[in-house]
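Please read the structure below before turning to the comments.
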Amino acid sequence: MIARRLFTRPFRALISVLSLLLAGCAVLPQGAGVALEWRPSPNFDERKANFVIIHHTSDDNIAQALGTLTNPLRAVSAHYLIGRDGKIYQLVDERARAWHAGQSKWGNNSDLNSSSIGIELDNSGQEPFPEPQISALLGLLADIKQRLGIPRANFLGHADVAPKRKTDPSRYFPWQRLADHGFGLWCEPPYPVPAPAFEQKFEPGSELQAFGYDSSDLPAAIRAYQRHFARDESAALLSEDDRALLHCLLMKSVALP
Ligand SMILES: [Zn+2]
């Protein structure tokens with residue numbers, strides 16, 4: 001009774017006018033550039049990221065980093081920025097495509113901006129990452145992984161997905177510590193001995209590519225791999241140990257969820 005009384009004739013008229021106005025403002029769905037009929041379905045949700053890409057800013061302080069990442073003329077951004085003191089800034093909604101990875105590739109994914117969350121760490125690239133910053137990162141990664149269900153192997157660095165152009169995060173970045181918390185893969189010596197067949201047919205380009213790296217520039221891919229997993233970016237070749245490490249990582253990439 002009360003509800004019926006609320007919907008008096010003037011009120012219903014107002015609702016009708018508002019509905020018409022809203023319909024007039026409605027955003028048209030994005031679609032193909034061909035003639036078609038729009039039949040909206042209720043069965044969908046928002047797209048979600050399936051990778052996390054970690055960067056260092058190459059800046060000297062947080063003010064510089066915030067200035068760059070919010071400047072429309074620079075056309076670069078990330079979803080999150082973490083200061084040396086551990087303060088976390090959010091710059092872009094996770095549902096939107098931030099501009100952090102640029103031209104990038106990992107496995108068959110050729111546009112990481114479309115499928116990843118980008119996290120920038122305020123760091124010059126020439127210095128270790130302070131404890132409060134890494135603690136804050138671990139907390140943020142745990143939250144993202146739990147909410148979005150991102151697989152362990154899909155926590156990567158910018159240089160991993162753009163080895164020809166990028167070197168971040170630097171060799172100071174604690175990948176092993178991240179892997180200990182379930183973010184990214186890691187192997188420590190002694191590595192399992194690869195089967196003789198692996199050694200016989202070993203070809204660095206195809207093995208790195210099988211793991212995910214774009215090996216079209218093989219020395220660049222090797223440097224990115226060495227920087228991430230061996231903390232050494234000087235070696236342009238893969239030693240016997242490096243090959244055993246890669247074999248171990250390949251085994252983990254198919255075995256771990
Ligand atoms: Zn980067």
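When a ligand or atom number is given, it counts from 1 through the structure's own listing order.
Closest N/O/S atom of Asp168 to the Zn ion (ligand 1): OD2. Restricting His158 to its N, O or S atoms, the one at the least distance from the Zn ion (ligand 1) is ND1.
For Trp106 and Tyr213, the distance between ring centers is under 6.0 angstrom. For Phe129 and Phe173, the distance between ring centers is under 6.0 angstrom. Aromatic pair His100/His158: ring centres not closer than 6.0 Å.
Here the side chains of Glu94 and Lys48 are not in contact, with every heavy-atom distance at 4.5 Å or above.
Here His55 meets the criterion, with an N, O or S atom under 2.8 Å of the Zn ion (ligand 1). Checking Glu120 against the Zn ion (ligand 1), every N/O/S atom stays at or beyond the 2.8 Å cut-off.
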